[in-house]
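Here is the structure we will look at.
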Amino acid sequence: MEPISVKKGQELDLSIESLAYGGNGIAKVDNFVIFVKGAIPGQRVKARIYKKRKGYAEARTLQILSESPKAVEAPCDHFGVCGGCKIQNLSYDEQLKEKAHQVEDAFRRLGGFKDFKLDNMVGADPVFNYRNKMEFTFSPHRWVLESEPKDVDKSFALGLHIPGRYDKILNIHECHIQPEIGNRILSLARDVCLKHEELKPYDPKTHIGFLRCLMLRYGVNTDQIMVNIVTAYDDLNKLSPLTDTLLDQVPEITSMVNNVNTRKADVAFGEYETLVYGHPFIEEQLGNLTFEVSSNSFFQTNTIQGERLYDETAKAAGLTGEDIVFDLYCGTGTIGLYLSRQAKEVYGFEVIRSAIEDAEQNAERNKIANAQFYKANLDTYFKTGQLPRRIPKPDVVIIDPPRAGMHPDMTNYLHKFKAKKIVYVSCNPTTQARDAKVLGENGYGIKSAVMVDMFPHTPHIESIVLFSKV
């Protein structure tokens, strides 16, 4: 029953019991749940309620009254302001336990699988400097820290968005989840821009300015580095102080491109791209495969954990060499190609044409002849009979949908394949549990489940669940 005492604007002393999916602490008052921003399990905090709904409330931490025994010192100077690594102050072992609990809770509570339990947790190593892609924003609206004087210059920033603000950018000097060389590139780029007045940041309010984003991509297993500078219009001469300095002082850079985005939308995906230096892609290796990664192509953001994720997917699939595999939401084909040498045939399906083209190129580059890829809107593709008749029925179906999960029509169609196994890879355990419930209603039971921590210190989770016919 909802306690009368919990009201919007009220300040409460709360004991944090666990972490919710998304990274907020969970506290309870008379069994009424309060989600507390900026809190970790084991802490006692003073918090202010800023939102109240029928079944829960949301609060913001004002003060830590007693520290958690599971707390560690966050190494990042930006922690608590930058919204990226919300749980960097929680010991890594405890992060894994909390994430595992979130997956199990989702399947028990939302999926109705009362006895659900993970079979394994695959932790990350390393837990810092692991991201192979970072996107930083140029802005004339720098977020001013509370410790800074009020009259400080705030007309230039190169960093990350303040949570909940599209217009304010936190100046990032060192990001601990990207490779060290990325921080050198970031600092150098900032220094050059501050010395050259013509290198003005783009203003999303007035739509005036030149520089929009600095995107860095790293080939973790190949030591290749791409710098992608996104600008609001095409002017390589104006850009040359930045490009020339980076190429001169960071010889490790192997590729540099300029994406031009003239639209108002604040995205790093340009309408067209100019090659400034090297190749229009870097190479990365997963297992014994080599992939070309361009500025705008999708690739797992943690290379090392990506390989572990695919190894766990292969283990769940248990292919014999004679299996027909359907790879749904295949993207650039990484999972299907990774499994192709253990399969008879792989058929990938994806709605984005450029991703299909990348998948075909990746297959050709790795001399994989038993994988084919089809452009398909999976909301309707199979239901409306668009699958070519020459394609055989699958023995194993791999699913790796977006965060929102599968469209209900796709979820309800899956059992009609009559596949022996369905391996569901997900970055959102809540939508995965929802879809799993439908699979259970259509004759598939859970045989195994594994969590792979792709992004330490953040709330993000990947889980792999194997279903087979009951």
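Remember, predicted model here, so these are calculated numbers, not experimental data. Reckoned from all heavy atoms, side chains included, excluding hydrogens, waters and symmetry mates.
No hydrogens or angles considered: nothing links the side chains of Ser294 and Asn296 as a donor-acceptor pair under 3.5 Å. Using modelled atom types, one finds a donor on one side chain and an acceptor on the other under 3.5 Å when comparing Tyr310 with Thr334. Using modelled atom types and a 3.5 Å distance limit, the side chains of Tyr218 and Glu284 yield no donor-acceptor pair. Judged purely by distance below 3.5 Å, without hydrogens or angles, the side chains of Tyr381 and Lys375 never pair a donor atom with an acceptor atom. One side chain, Ser295 or Glu273, offers a donor N or O that lies under 3.5 Å from an acceptor on the other. Using a 3.5 Å distance cut-off with no hydrogens or angles, the side chains of Asn428 and Ser426 do not pair a donor with an acceptor. Side-chain atoms of Glu58 and Tyr50 form a donor-acceptor pair, as typed in the model, at a separation below 3.5 Å. Side chains of Thr231 and Asn258: a donor on one and an acceptor on the other come within 3.5 Å. Side-chain contact annotation: His207 with Tyr202, donor-acceptor N/O pair under 3.5 Å present. Donor-acceptor pairing under 3.5 Å is recorded for the side chains of Glu271 and Thr262. Using modelled atom types, one finds no donor on one side chain facing an acceptor on the other under 3.5 Å when comparing Asn183 with His173. For the residue pair Asn302 / Asn132, no side-chain donor-acceptor distance below 3.5 Å is found, with atom types taken as modelled.
Remark: the backbone N or O of Thr411 is not paired with any side-chain donor or acceptor of Asp435 at under 3.5 angstrom. Between the side chain of Asp327 and the backbone N or O of Gly336, at least one donor-acceptor pair lies under 3.5 Å. Side-chain atoms of Glu360 never come within 3.5 Å of backbone atoms of Glu357 as a donor-acceptor pair (strictly under, hydrogens ignored). Remark: the backbone N or O of Leu158 is paired with a side-chain donor or acceptor of Asn171 at under 3.5 angstrom. Remark: the backbone N or O of Ile169 is not paired with any side-chain donor or acceptor of Ser139 at under 3.5 angstrom. With Gln224 contributing its side chain and Glu283 its backbone, the two residues share a donor-acceptor pair below 3.5 Å. Side-chain atoms of Thr313 come within 3.5 Å of backbone N or O of Leu309 as a donor-acceptor pair. Between the Thr303 side chain and the Val220 main chain, no donor and acceptor come within less than 3.5 Å of each other. Looking only at distances, no side-chain donor or acceptor of His161 sits under 3.5 Å from a matching main-chain atom of Pro163. A side-chain donor-acceptor contact under 3.5 Å links His457 to the backbone of Val127.
Rounded to the nearest 0.5 Å, atoms NE2 (His101) and CG (Leu96) are 14.5 Å apart. Rounding to the nearest 0.5 angstrom, the gap separating the CG atom in Leu286 from the CG atom in Leu337 is 10.5 Å. One finds the CD atom of Gln43 at 9.0 Å from the CG atom of Leu90 (value rounded to the nearest 0.5 Å). Rounding to the nearest 0.5 Å places CG of Asp125 at 6.0 Å from CZ of Arg308. In this structure, the separation between OG on Ser255 and CD1 on Ile225 is 10.5 Å, given to the nearest 0.5 Å. One distance of note links CZ of Arg44 with CG of Leu14; it measures 7.0 Å at 0.5 Å rounding.
Ring centroids of Tyr56 and Phe32 are separated by 6.0 Å or more, keeping the two rings apart.
You'll find the side chain of Leu246 reaches within 4.5 Å of the side chain of Met256, heavy atoms only. Within the 4.5 Å cutoff, side-chain heavy atoms of Gln432 are placed close to those of Ser463. Side-chain contact between Lys154 and His141 is absent, with no heavy atoms from C-beta onward closer than 4.5 Å. In this structure, Phe210 and Lys238 have side chains that are in contact, with non-hydrogen atoms separated by less than 4.5 Å. Between Ile49 and Leu12, the closest side-chain pair of non-hydrogen atoms falls below 4.5 Å. Using a 4.5 Å heavy-atom cutoff, the side chains of Leu247 and Tyr277 are in contact. Under the 4.5 Å side-chain criterion, counting only non-hydrogen atoms from C-beta, Leu19 is not in contact with Asn24. With contacts defined as side-chain heavy-atom distances shorter than 4.5 Å, the pair Val81/Leu145 qualifies.
Remark: Arg365 engages Glu292 in a salt bridge, criterion side-chain N to carboxylate O under 4.0 Å. Salt bridge status for Glu11 with Arg48: present, with a side-chain N to carboxylate O gap under 4.0 Å.
Ring pair Phe116/Phe107 is parallel by interplanar angle, where below 30° counts as parallel and above 60° as perpendicular. Classification of the Tyr130-Phe455 ring pair by plane angle, with boundaries at 30° and 60°, yields tilted.
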Start with the C-alpha distance between Arg165 and Asp167, add both sets of side-chain angles, then the distance that settles salt bridge (Lys or Arg N to Asp or Glu O under 4.0 Å), and finish with yes or no.
CA-CA 5 Å; Arg165 298 290 298 265; Asp167 59 333; 3.1 Å; yes

Let's go through Arg212 and Thr137 carefully: what are the C-alpha distance in whole Å and the side-chain angles of both, what is the deciding distance for side-chain contact (heavy atoms from CB on, under 4.5 Å) to 0.1 Å, and is it a yes or a no?
CA-CA 6 Å; Arg212 299 191 71 152; Thr137 300; over 6 Å; no

Stepwise, does the salt bridge (Lys or Arg N to Asp or Glu O under 4.0 Å) test hold for Glu180 with Arg184?
CA-CA 7 Å; Glu180 289 289 351; Arg184 182 150 59 98; over 6 Å; no

Run Lys8 and Lys51 through side-chain contact (heavy atoms from CB on, under 4.5 Å) and show every step you take.
CA-CA 6 Å; Lys8 185 177 177 180; Lys51 183 187 291 184; over 6 Å; no

Working for side-chain contact (heavy atoms from CB on, under 4.5 Å), residues Asp358 and Phe298
CA-CA 9 Å; Asp358 284 346; Phe298 172 79; over 6 Å; no

Would Phe299 and Phe291 count as a ring-ring contact (aromatic ring centres under 6.0 Å, His included) if you check the C-alpha gap in whole Å, the side-chain angles of each, and the deciding distance to 0.1 Å?
CA-CA 9 Å; Phe299 196 78; Phe291 295 91; 5.7 Å; yes

For side-chain contact (heavy atoms from CB on, under 4.5 Å), just list the numbers for Arg403 and Thr431, CA-CA rounded to whole Å, side-chain angles, deciding distance to a tenth of an Å, and then say yes or no.
CA-CA 7 Å; Arg403 192 172 299 278; Thr431 55; 5.8 Å; no

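Minimum interatomic distance between Pro201 and Pro140 (heavy atoms only, all atoms of both residues): CG-N, 3.6 Å. Contact record, Pro456 with Gln95: C-OE1, 3.9 Å, taken as the closest heavy-atom pair. Considering all non-hydrogen atoms of both residues, Gln88 and Cys76 come closest at OE1-N, 3.0 Å. Counting all heavy atoms, side chain and backbone alike, Val351 lies closest to Asn377 at CG2-CA, 4.0 Å. Summarising the geometry of Ile304 relative to Pro126, their closest heavy-atom pair is CD1-CD, 3.8 Å, with the distance given to 0.1 Å. Nearest heavy atoms, Pro41 versus Glu98: CG-OE2, 3.5 Å.
Sparse packing is recorded around NE2 of His279, with 12 or fewer heavy atoms of other residues, nucleotides or ligands lying under 6.0 Å away.
The only option from Asn288, Asn366, Asp311 that meets the side chain to side chain donor-acceptor pair (under 3.5 Å) definition with Tyr338 turns out to be Asp311.
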